Amino acid sequence: MVAGEYLFQVGEDKHTLKAGDTIFLPRTIPHTFAQLSETGKMFFLFQPSGKMEDFFRALGNLSSPPSPEQGAKIFAEHDMQVVGPPLQY
């Protein structure tokens, strides 16, 4: 984390992270995050990148926020799956 405060859920475990903290998110374990602070900044690293570059290009090409169905389709096209309700905090 570069700035701000975030809540991450990795499987059933929840972690609150602040600037200077790091977290590992395994590709085979469902994970998500929520920004808790007014502003924030993160640095992501994907190893191997898989289809992540194409995923971010697809999101960047949208002219408006996707519907939940469109978002789920974009995720699926890049070997990811949207699971469960949004993270509650």
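None of these values were measured; they are calculated from a predicted model. We count residues from 1, following the sequence as given.
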Pair up each side-chain donor or acceptor in residues 80-89 with any protein partner under 3.5 Å, not counting sequence neighbours, and list the distances.
unit_1 : atom_1 : unit_2 : atom_2 : d
Gln88  : NE2    : Pro86  : O      : 3.2

Tell me which donor-acceptor pairs under 3.5 Å the side chains of residues 37-52 have, and how far apart each pair is, sequence neighbours excluded?
unit_1 : atom_1 : unit_2 : atom_2 : d
Ser37  : OG     : Glu5   : N      : 2.9
Ser37  : OG     : Thr39  : O      : 2.6
Lys51  : NZ     : Asp79  : OD2    : 3.4

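In this structure, the salt bridge (charged side-chain N to carboxylate O under 4.0 Å, His left out) partners of Lys73, at least two apart in sequence or on a different chain, are Glu77. Residues passing the side-chain contact (heavy atoms from CB on, under 4.5 Å) test with Ala19: none are found, sequence neighbours excluded. Contacts of Pro66 classified as side-chain contact (heavy atoms from CB on, under 4.5 Å), with partners at least two apart in sequence or in another chain: Leu62, Gln70. Every salt bridge (charged side-chain N to carboxylate O under 4.0 Å, His left out) that Asp54 has, sequence neighbours left out, goes to Arg57.
The ring-ring contact (aromatic ring centres under 6.0 Å, His included) contacts involving residues 5-24 comprise Phe8-Phe33, where partners must be two or more places apart or lie in separate chains. Screening residues 57-86 for ring-ring contact (aromatic ring centres under 6.0 Å, His included), with sequence neighbours left out, gives Phe55-Phe75, Phe55-His78. Applying the salt bridge (charged side-chain N to carboxylate O under 4.0 Å, His left out) test to every pair with at least one member in residues 16-27, sequence neighbours left out, gives no pairs at all.
Linking Ile, Leu, Val, Met, Phe, Trp and Tyr whenever their side-chain heavy atoms come within less than 4.5 Å leaves Val10 and Leu7 in two separate clusters.
Across every non-hydrogen atom of Ile74 and Ala58, the tightest pair is CG2-CB, 4.2 Å. Contact between Glu12 and Gln9 at its shortest, heavy atoms only, is CA-NE2, 4.1 Å.
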